Amino acid sequence: MKSHIADLISKAMDELVAAGVFSSADCHPPVIERTRDPAHGDFASNVAMVHSKAAKMRPRDLAERLLAVLPDSGLVSAVEIAGPGFINFRLADSAYRMLIPEVLKQGHSFGRSSLGAGKRVQVEFVSANPTGPLHVGHGRGAAYGAVVADLLEAVGYDVHREYYVNDAGRQMDILATSVWLRYLELCGEALDFPSNGYRGDYVWDIAATLHREHADAYRHMAEEVFDRVPLDEPAGGDKEAHIDGLIAQAKKLLGDNRYRFVFELGLNVILDDIRDDLSLFGVDYQEWYSERSLAESGAVNKAIERLRGSGHLYERGGAWWFRSTDFGDEKDRVVVRENGQMTYFASDIAYHMDKLERGFDRVIDIWGADHHGYVPRVKAALQAMGGDASRLDVLLVQFAILYRGGEKAQMSTRSGEFITLRELRKEVGRDAARFFYVMRKCEQHMDFDLDLAKSQSSDNPVYYVQYAHARIHAVLRQAADKLIDVQPSEGATHLERLVETHELDLMKTLSRYPEVVESAATNEEPHQLTHYLRELANDFHTYYNAHQFLVGDAALRDARIKLILATREVLRNGLNLLGVSAPEQM
RNA sequence: GCCCCGAUAGCUCAGUGGAUAGAGCAGUAGCCUUCUAAGCUAUUGGUCGGGGGUUCGAGUCCUCCUCGGGGCGCCA
């Protein structure tokens, strides 16, 4: 519809160029938008205002000239000039009615497009360290990333969803050591658990598995384990030095093979849990990319050598620094520590280089907002290596604060007491969690009201939208009971009977759906879709209350059933893009 | 101190440089012999945090300030 109007305007513009009103060089493609106020018609264009300078005419006068040469169209019922120089278009009712058979014909693919032209996009999201279960903070990134990926796919991109598994590094060593210490306690050793260790119950669970399946095979005396390890913070020492000492002891006492076994056990149990959790949340990936594989394949070393070879590294204090300030970062960053170990940043350079080398046209990283300071250095590294940093977009997702009973539901990773994504799903359900997480723009801090998400009332937007879908099915069931044929006649038959304001409003909202999907996808803004679905549900509920669908007049009934079938299709398609179910009964 | 994000109705939030700034909730007043009241109708409610600027036009862009959240490691 929009493109049809754009065509009309372009043709009129060409006429004016031919008439010498302004030159084709000053021509901007026409901007058509939906009007906010129905009094302004259905679509409006600011084309006359934009070109008034080039034409040396007042906007309204230029609009007059345009109207004079605007081609006729059966779809447009009125065109007028309004306000400072807008050209307003009102569509014929028949233009909207034509949409219904189109929606029914396209079914699940209505709203999808080929805008992306098959370009390859990688979306990396969640990528939480496998050192514990996902918590509600990860949930927002998961829901947001999944919907952005699905939206991009819906508009024709070839989407590759990826989870970067941080299965190397110190945090994983801390996890392995935590598991082992808990295991020692289960063996009967008495020890003070390190203040910097992972204290969650899941660590006990993993330790219990180890103990159950391997009895005392990994046991060492507590005195031996803590021998000459620097004191922990509560004992007046340093907690970092303490945990590092314990890691070293674990590696020494267990030896390579046994240490590796404990490490792998912890990693695998937690990673399986994360996979399962995300899958139950409706979040699935094409690839789980291992950080360790980057080190093992030599990709990290290769990346570092490449930077060193091109003169972007320098040595200071025994460490190797990347001169990221050359590319706009606020300070230089260490890539190889004094002790010879690579930093996390070094792996990430290799990882992002690998992303570009895999040939994605676009790479989207979705990170928590607390990582924002990290963006310049990653882009700097890509530039330093001759990569095209403009292909990388980093979307930062702000925190979600949970409220229960009007109070903040606090979480603290330190104590091991946090609300997990699994618990959230259990409490409010997958549908509500998915919907709520994407209701807000990602850069907006979010208040997540648990009570509202659980409530089964019209206050709760997800139920409101789902209820509209279920209600349509209730009507269809009712029709079946009355032995009315719910398979309406083919094509556009009887649609001219749809003349009520409620019906036209509903059709107009339906016609917006493809535009909403396109806009939500290109702006990476899933909330546009949640807002739209609420409006659509509202139009339907209003219609439902105002008119009976299963009327005696067979032609009218046929037309109305077609309209609500089209509505059902769009509700289902929209909810499906959000990863929210469309129940037939509630 | 520097960097990122935010500030719009009592609350939670929409608002691609366009027309008289919107929605939900809360409040107020109504609607169930009916296809699901998990719904609908009407109505109240605004110094778009503040000051400058850019232009035909600013909630939207620039700048300064105020207040909130987060980040500034040879952690990940």
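Proteins come first, then strands; the chains are lettered A, B, ... in the order of their sequence lines, and each starts at number 1. Please read all numbers here as calculations on a predicted model, not as lab measurements.
Both A:Arg477 and A:Ala537 sit near RNA chain B, but only A:Arg477 has its closest nucleotide nearer the 5' end. Checking A:Arg471 against A:Thr542, the closest nucleotide of RNA chain B that is more toward the 5' end is the one next to A:Arg471.
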Heavy atoms under 4.0 Å is the rule here; annotate nucleotides 71-76 of chain B 5' to 3' with B where the base is hit, S where only the sugar-phosphate is, and - elsewhere.
-> SSSBSB
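When the nucleotides B:G18, B:C35, B:U12 are ranked by their closest atom to the side chain of A:Val475, B:C35 comes out on top. Out of B:A38, B:C40, B:A14, the shortest distance to the side chain of A:Tyr463 is found at B:A38. Of the candidates B:G18, B:C5, B:A14, the closest approach to any side-chain atom of A:His445 belongs to B:C5. Taking every side-chain heavy atom of A:Phe86 into account, B:G18 is the closest of B:G18, B:C13, B:C35.
Contact annotation for A:Ala470: base contact, defined as any heavy-atom pair under 4.0 Å involving a base atom. Nucleic acid contact class of A:His469 (heavy atoms, under 4.0 Å, all strands): none. Among the heavy atoms of the strands lying under 4.0 Å from A:His40 is at least one base atom, whether or not backbone atoms are also near. Within the nucleic acid shown, A:Ala468 has no heavy atom closer than 4.0 Å to any nucleic acid atom. Note on A:Glu535: nothing from the nucleic acid sits closer than 4.0 angstrom, heavy atoms only. Within 4.0 Å (heavy atoms only), A:Asp449 reaches no atom of the nucleic acid at all. A:Asn88 comes within 4.0 angstrom of a nucleotide base, judged by non-hydrogen atoms across all strands. Residue contacts for A:Ala546: at a heavy-atom cut-off of 4.0 Å it reaches no nucleic acid atom on any strand shown.
The CD-P distance, from A:Gln528 to B:G22, rounds to 19 Å in whole Å. Put simply, CG on A:Asn538 is 15 Å from C1' on B:A37, counting in whole angstrom units. Rounding to whole angstrom units, CG of residue A:Asn46 and P of B:G57 are separated by 16 Å. If you take CG of A:Asp539 and C1' of B:A23, they are 13 Å apart, rounded to a whole angstrom. In this entry the distance linking CG of A:Asn460 with P of B:C11 reads 22 Å, nearest Å. Look at CG on A:Leu452: it is 19 Å from P on B:A23, rounded to the nearest Å. The separation between A:Phe43 atom CZ and B:A19 atom C1' is 18 Å, rounded to whole Å. Note: CD (A:Gln398) to C1' (B:G70) measures 7 Å, nearest angstrom.
A:Leu267 contributes atom CG, which lies 11.0 Å from atom CG of A:Asn129 (distance to the nearest 0.5 angstrom).
The phosphate of B:A37 has OP1 or OP2 within less than 4.0 Å of a side-chain N or O from A:Tyr544. Distances shorter than 4.0 Å separate none of the side-chain N or O atoms of A:Gln444 from OP1 or OP2 on B:G69.
Looking at A:Glu525 and A:Lys441, no side-chain N of the basic residue comes within less than 4.0 Å of a carboxylate O on the acidic one, giving no salt bridge. A salt bridge is absent between A:Arg477 and A:Asp481: the closest approach of a Lys/Arg side-chain nitrogen to an acidic carboxylate oxygen does not fall below 4.0 angstrom. The residues A:Asp329 and A:Lys379 are annotated as not salt-bridged, no charged nitrogen and carboxylate oxygen being separated by less than 4.0 angstrom. No salt bridge links A:Glu515 with A:Arg512; every basic N to acidic carboxylate O contact stays at or beyond 4.0 Å. The residues A:Glu503 and A:Arg497 are annotated as not salt-bridged, no charged nitrogen and carboxylate oxygen being separated by less than 4.0 angstrom. The existence of a salt bridge linking A:Asp42 and A:Lys508 is confirmed by a sub-4.0 Å separation between a basic side-chain nitrogen and an acidic carboxylate oxygen. Ion pairing between A:Asp449 and A:Arg404 fails under the 4.0 Å rule for side-chain N and carboxylate O.
The gap from the C1' atom of B:A42 to that of B:C64 amounts to 46 Å, rounded to the nearest Å. For B:U63 and B:C11, the C1' atoms lie 32 Å apart once the distance is rounded to whole Å. Comparing the P positions of B:G69 and B:U12 gives an interatomic distance of 15 Å, to the nearest angstrom. A distance of about 47 Å separates the P atoms of B:U47 and B:C35, rounded to the whole Å. Between the C1' atoms of B:A23 and B:G15, the separation comes to 10 Å (whole Å). Distance noted for atom P between B:C62 and B:A7: 14 Å (whole Å). To the nearest whole angstrom, the two P atoms, one in B:G1 and one in B:A14, are 30 Å apart. The C1' atoms of B:U8 and B:G49 are separated by 10 Å, rounded to the nearest whole Å.
For A:Asp238, the side-chain hydrogen bond (donor to acceptor under 3.5 Å, both in side chains) criterion is met by no residue, not counting sequence neighbours. Judged as a side-chain contact (heavy atoms from CB on, under 4.5 Å), and not counting sequence neighbours, the contacts of A:His372 are A:Leu396.
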Side chain to side chain donor-acceptor pair (under 3.5 Å) assessment of A:Ser195 paired with A:Glu233 = CA-CA 7 Å; A:Ser195 54; A:Glu233 193 165 277; 5.7 Å; no
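A tilted orientation is assigned to the rings of A:Phe322 and A:Phe345, their planes being inclined by 30° to 60°.
The heavy-atom pair separating A:Arg560 from A:Val551 by the smallest distance is NH1-CG1, 4.0 Å. The two atoms that bring A:Leu571 and A:His469 nearest to each other are CD1-N, 3.8 Å, heavy atoms only.
Note that A:Arg534 lies in the cation-pi zone of A:Tyr464, set by a 6.0 Å cut-off to the ring centre and a 45° limit from the axis. Cation-pi geometry between A:Arg140 and A:Phe399 is not met: the NZ or CZ atom fails to fall both under 6.0 Å from the ring centre and inside 45° of the normal. The cationic atom of A:Arg308 (NZ for Lys, CZ for Arg) lies less than 6.0 Å from the six-membered ring centre of A:Trp320 and within 45° of the ring axis.
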Would you write the dot-bracket representation of RNA chain B, where each base gets (, ), [, ], | or . depending on whether it forms a Watson-Crick or G-U pair under 3.5 Å and with which partner?
-> (((((((..((((....[...)))).(((((.......))))).....(((((..]....))))))))))))....
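Residue ring and nucleobase are not stacked for A:His531 and B:A14 under a centre distance beneath 5.5 angstrom and an angle between planes beneath 30°.
Across residues 428-443 of chain A, A:Arg440, A:Lys441, A:Glu443 each have a non-hydrogen atom less than 4.0 Å from an atom of RNA chain B (numbered order).
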Do any N or O atoms of the protein come closer than 3.5 Å to N or O atoms of nucleotides 54-56 of chain B, and which pairs are they?
unit_1, atom_1, unit_2, atom_2, d
B:C56, OP1, A:Lys53, NZ, 3.0

